[in-house]
2 protein chains.
Amino acid sequence: MARKLATLDPQRLDNQICFAVYSAAHAFNRVYKPLLDRLGLTYPQYLVMLVLWERDDVPVKEIGEKLFLDSGTLTPLLKRLEAAHLVKRTRSSEDERQVLIALTAQGHALKEKARSVPQSILAASDCSVSELVAMKDEIVALRDRLNAVIGE
Amino acid sequence: MARKLATLDPQRLDNQICFAVYSAAHAFNRVYKPLLDRLGLTYPQYLVMLVLWERDDVPVKEIGEKLFLDSGTLTPLLKRLEAAHLVKRTRSSEDERQVLIALTAQGHALKEKARSVPQSILAASDCSVSELVAMKDEIVALRDRLNAVIGE
DNA sequence: TCACATTTAATTGTTCGCAATTGAATGTCC
DNA sequence: GGACATTCAATTGCGAACAATTAAATGTGA
């Protein structure tokens, strides 16, 4: 009976979906670490590179919208990517408020070296692609509902 | 056709479960922020309090195992909780290597003030309890498979 | 045109998160 | 008992993450 109550107590760590998400994010990060070390990237830096590999010459603001990050996080991160010769940062001539991020040749080339990363993650997940896609869609839907509440 | 290929490209941001988890964790954090501000806690500090509300007088190591955090993260965090008069840190007399974390009266009292937090999160999730429990179980299972790979 | 608001990055300060190292306490094996 | 390894917390250094503020460029309305 006490056991049954415990499984329903919303104040218990094990019953909280947010802790599940929080701890899963850290677990992913630990799996990524050795893979990304070889590329000289951290996970957030890898996310920025994914954005740029899809579309180059993008303002900081747009990267922020895609990754849900602000300039306080991105500015120093992008400076590190620039120091690593993976991107260039230039003021837009049309709108001088914007800083455009463009890949260097090295930045483009890194895409090939990074090609094997997703399948390594898939293998570590030990799960079928279709199951992962279903989970991903559910988590994205939850995230979007949470973000909708924040905007209120 | 191009669209169909894009939805399968494993190197696309939108196709990555890890980004879904990463961004969902941040979304949860933003929803928690105003709720926890009233308690004077950050989200990781709240997690530590959840552990202590379940069982008091716990060594740092055990908190770390439950939250998947190490002493490099916990030591300064626990010092902040001590500075806020929510916990006491004392060396174990049986094993002087261990530091035991115990709740103060204020720390115990905070549990009542925090009681409404989970239901606020539930409301923000805009989702049934049973759906959330199912998702939580899936995510925990994924996390545990990832952590199993790390230990290899 | 000029005052005012908005947008965009950058900056500052605080808190996580982790790798790597240190130092003290405890265990183990001969 | 004594050399050695192991365990545990603390420390150092670096890279996020975000709130709050600043400063410059752009947009808007009288």
Side-chain angles (χ1 to χ4, degrees), chain A residues 18-19 22-34 36-37 39-49 58-65 67-84 86-87 89-101 147 150, chain B residues 19 22-34 36-37 39-49 58-65 67-84 87 89-101 147 150:
Chain A
C18 23
F19 176 63
Y22 167 91
S23 54
H26 291 317
F28 266 121
N29 199 41
R30 285 189 278 266
V31 173
Y32 268 106
K33 183 98 186 17
L36 296 182
D37 276 351
L39 306 176
L41 295 174
T42 64
Y43 182 66
Q45 289 169 5
Y46 172 66
L47 290 179
V48 169
M49 295 303 286
V58 172
V60 172
K61 167 127 215 259
E62 190 174 322
I63 297 174
E65 282 167 355
L67 301 182
F68 306 96
L69 296 173
D70 68 1
S71 68
T73 301
L74 287 173
T75 296
L77 187 156
L78 290 167
K79 284 183 178 176
R80 278 176 218 117
L81 288 180
E82 190 175 41
L86 295 173
V87 307
R89 305 184 317 128
T90 51
R91 286 270 160 198
S92 165
S93 51
E94 287 145 32
D95 184 343
E96 296 258 337
R97 290 170 302 185
Q98 294 188 344
V99 168
L100 298 176
I101 309 300
N147 279 332
I150 296 164
Chain B
F19 176 63
Y22 167 90
S23 53
H26 291 314
F28 266 120
N29 199 41
R30 284 187 280 264
V31 173
Y32 269 106
K33 184 95 183 23
L36 296 182
D37 276 351
L39 306 177
L41 295 174
T42 65
Y43 182 66
Q45 289 168 6
Y46 173 67
L47 291 179
V48 169
M49 295 303 286
V58 172
V60 173
K61 169 129 215 257
E62 191 175 321
I63 298 175
E65 282 166 355
L67 300 182
F68 306 97
L69 296 173
D70 67 3
S71 68
T73 300
L74 288 174
T75 295
L77 187 156
L78 291 167
K79 285 184 177 176
R80 278 175 220 119
L81 288 181
E82 189 175 42
V87 306
R89 306 184 317 127
T90 50
R91 286 269 160 200
S92 165
S93 52
E94 287 146 32
D95 184 342
E96 297 257 336
R97 290 171 301 184
Q98 292 188 346
V99 169
L100 299 176
I101 309 299
N147 279 332
I150 296 162

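All chains are named by letter (A, B, ...) in the order of the sequence lines, taking the proteins before the strands, and each is independently numbered beginning at 1. Everything numeric in this text was worked out from a predicted model, so none of it was measured.
Out of D/dG15, C/dA9, D/dA25, the shortest distance to the side chain of A/D95 is found at D/dA25. Nearest to the side chain of A/R97, among D/dA10, C/dA25, D/dA24, sits D/dA24.
For the pair B/Y22 OH and C/dG17 P, the interatomic distance rounds to 12 Å; values are reported in whole Å. Look at NZ on A/K33: it is 11 Å from C1' on C/dG17, rounded to the nearest Å. Atoms OH (B/Y43) and P (D/dC18) sit 14 Å apart, rounded to a whole Å. D/dA17 atom P lies 10 Å from atom CZ of B/R30, rounded to whole Å.
The side-chain heavy atoms of B/P44 and B/L77, taken from C-beta on, include a pair separated by under 4.5 Å. Side-chain atoms of A/P59 and A/E62, non-hydrogen and from C-beta on, do get closer than 4.5 Å to each other.
The base of D/dA9 is not paired with the side chain of B/T75 by any donor and acceptor separated by under 3.5 Å. Between the side chain of A/S71 and the base of C/dA10, at least one donor-acceptor pair of N or O atoms lies under 3.5 Å.
Of the residues near DNA chain C, A/H26 and A/L100, the one whose nearest nucleotide (by heavy atom distance) lies more toward the 5' end is A/L100. A residue-by-residue look at A/S93 and A/G72 shows that A/G72 has its nearest nucleotide of DNA chain D further toward the 5' end. Nearest-nucleotide assignment on DNA chain C puts the 5′-proximal partner with A/V99, out of B/P44 and A/V99.
Among the protein residues, A/T73 comes within range of the nucleic acid bases, having at least one heavy atom under 4.0 Å from a base atom. Across all strands, B/E94 comes closer than 4.0 Å only to sugar-phosphate atoms, never to a base (heavy-atom distances).
A/Y32 and A/Y46 have tilted rings, their planes meeting at an angle from 30° to 60° on a 0 to 90° scale.
When atom types are taken as modelled, the side chain of A/D70 and the backbone of A/T73 share a donor-acceptor pair closer than 3.5 angstrom.
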